[in-house]
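A short worksheet on the structure shown next.
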Amino acid sequence: MSERPALKSAYLISGSDRPKVEHAVHRLRARFLDEAVEIVSALELTGPDVVTLCNSGSLFGDARLVLVTDIDGRKKEENRPPTGGWKAADVEACVTYLAAPAPDTVLAVVGLEVKKDAAIAKACAKVGDLLIFDVAKRGR
């Protein structure tokens with residue numbers, strides 16, 4: 001039986017294949033005690049607020065997960081881009097945090113259409129993984 005790979009400091013989970021995105025989030029959450037998981041929305045908390053959450057210790061002494069949804073907003077209409085989500089200052093706060101992340105905290109950010117060259121993606125890639133699941137487009 002093989003051991004699970006060690007958790008990284010950050011994960012970006014995004015893409016148009018929403019079942020795969022949800023599965024990835026579920027698998028990551030399963031690695032933590034329920035009490036050690038903090039789920040927040042970028043529509044409600046700013047980047048600095050999330051950094052404060054990441055830097056606050058766990059009452060349980062174990063690793064903890066800060067899961068931030070909606071970082072690039074939500075879609076109001078199917079064929080329109082998402083609205084809401086973090087602005088540049090919010091992303092910058094998390095990018096700065098990821099330069100020296102808290103040792104026992106995993107930050108996972110979840111979006112709809114976050115690209116690999118976005119600032120938050122580059123910061124996550126340096127200390128963690130990018131999990132981008134897009135539905136393949138059919139050629140004509």
Side-chain angles (χ1 to χ4, degrees):
M1 191 169 177
S2 66
E3 246 183 72
R4 285 184 171 179
L7 289 168
K8 298 188 178 179
S9 295
Y11 294 89
L12 167 71
I13 307 170
S14 184
S16 59
D17 192 336
R18 298 316 290 175
K20 285 185 180 177
V21 167
E22 295 303 321
H23 183 70
V25 168
H26 175 75
R27 287 186 62 176
L28 183 59
R29 285 186 60 192
R31 304 276 306 265
F32 296 87
L33 297 172
D34 286 340
E35 302 84 25
V37 176
E38 184 92 31
I39 301 171
V40 297
S41 170
L43 301 175
E44 297 169 5
L45 287 185
T46 66
D49 293 336
V50 168
V51 169
T52 299
L53 275 177
C54 290
N55 285 324
S56 60
S58 170
L59 295 175
F60 303 100
D62 291 330
R64 58 193 291 266
L65 172 65
V66 175
L67 179 70
V68 185
T69 62
D70 309 313
I71 63 165
D72 57 349
R74 287 192 184 146
K75 284 193 174 199
K76 292 183 181 175
E77 296 177 37
E78 185 60 34
N79 294 325
R80 308 278 300 161
T83 58
W86 279 348
K87 306 294 183 227
D90 300 310
V91 171
E92 185 57 37
C94 286
V95 167
T96 301
Y97 163 78
L98 289 173
D104 293 330
T105 299
V106 173
L107 173 62
V109 292
V110 182
L112 293 171
E113 301 174 354
V114 181
K115 303 299 180 204
K116 291 180 182 179
D117 62 349
I120 192 73
K122 290 177 182 178
C124 287
K126 286 181 183 175
V127 296
D129 276 339
L130 303 181
L131 304 173
I132 299 179
F133 304 101
D134 284 322
V135 174
K137 295 181 180 173
R138 292 183 182 182
R140 292 186 180 205

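By the rule that hydrophobic residues join a cluster once side-chain heavy atoms approach within less than 4.5 Å of another member, Leu98 and Leu53 end up as members of one cluster. When hydrophobic clusters are built by joining Ile, Leu, Val, Met, Phe, Trp and Tyr residues whose side-chain heavy atoms come closer than 4.5 Å, directly or via intermediates, Val68 is grouped together with Val127. With hydrophobic clusters built from ILVMFWY side chains whose heavy atoms lie under 4.5 angstrom apart, Val66 shares a cluster with Ile120.
Put simply, the side chain of Tyr97 does not reach to within 4.5 Å of the side chain of Val50, judged on heavy atoms. Side-chain contact between Leu67 and Val110 is present, with at least one heavy-atom pair separated by less than 4.5 Å. Between Leu28 and Leu7 the shortest side-chain heavy-atom distance falls below 4.5 Å. When side chains are defined from C-beta on, Val25 does not count as touching Thr69, because their heavy atoms never get closer than 4.5 Å. At least one side-chain heavy atom of Cys94 sits under 4.5 Å from a side-chain heavy atom of Val51. Two residues are said to be in side-chain contact when any heavy atoms from C-beta on lie closer than 4.5 Å; Lys76 and Thr83 meet this criterion.
For the pair Ala102 and Asn55, the tightest heavy-atom approach, listed with the atom from each and the gap, is CB-OD1, 4.0 Å. Counting all heavy atoms, side chain and backbone alike, Ala121 lies closest to Leu12 at CB-CD2, 3.6 Å. In terms of heavy-atom proximity, Trp86 sits nearest to Ala42 at NE1-CB, 3.4 Å. Smallest separation of non-hydrogen atoms from Gly15 and Asp134: CA-OD1, 3.3 Å. Annotation for Ala24 and Phe133: closest pair CB-CE1, 3.7 Å, computed over non-hydrogen atoms.
Checked by atom type and distance alone, the side chain of Arg64 pairs as donor or acceptor with a backbone atom of Ser56 at under 3.5 Å. Listed for the Asp72 side chain is no donor-acceptor partner under 3.5 Å among the backbone atoms of Gly111. At least one donor-acceptor pair under 3.5 Å links the side chain of Ser14 to the backbone N or O of Val114.
Atoms CG and NE2, on Leu131 and His23 in that order, are 11.0 Å from each other to the nearest 0.5 Å. Residue Asp90 holds its CG atom at 10.5 Å from CD1 of Ile71, rounded to the nearest 0.5 Å.
Taking Arg74 as the reference, Ser41, Leu43, Asp70 meet the side chain to side chain contact (heavy atoms under 4.5 Å, CB included) condition, with sequence neighbours excluded. Under the side chain to side chain contact (heavy atoms under 4.5 Å, CB included) criterion, Lys8 pairs with Tyr11, Asp129, sequence neighbours left out.
For Arg27, the CZ atom sits in a loose shell: 12 or fewer heavy atoms of surrounding residues, nucleotides or ligands are nearer than 6.0 Å. For NZ of Lys75, the number of neighbouring non-hydrogen atoms (other residues, nucleotides, ligands) closer than 6.0 Å is greater than 12.
Exactly one residue among Leu107, Val106, Leu33, Thr105 makes a side-chain contact (heavy atoms from CB on, under 4.5 Å) with Leu65. That residue is Val106.
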Before giving the answer on side chain to side chain contact (heavy atoms under 4.5 Å, CB included), spell out for Val109 and Cys124 the whole-Å C-alpha distance, their side-chain angles and the decisive distance to 0.1 Å.
CA-CA 9 Å; Val109 292; Cys124 287; 4.0 Å; yes
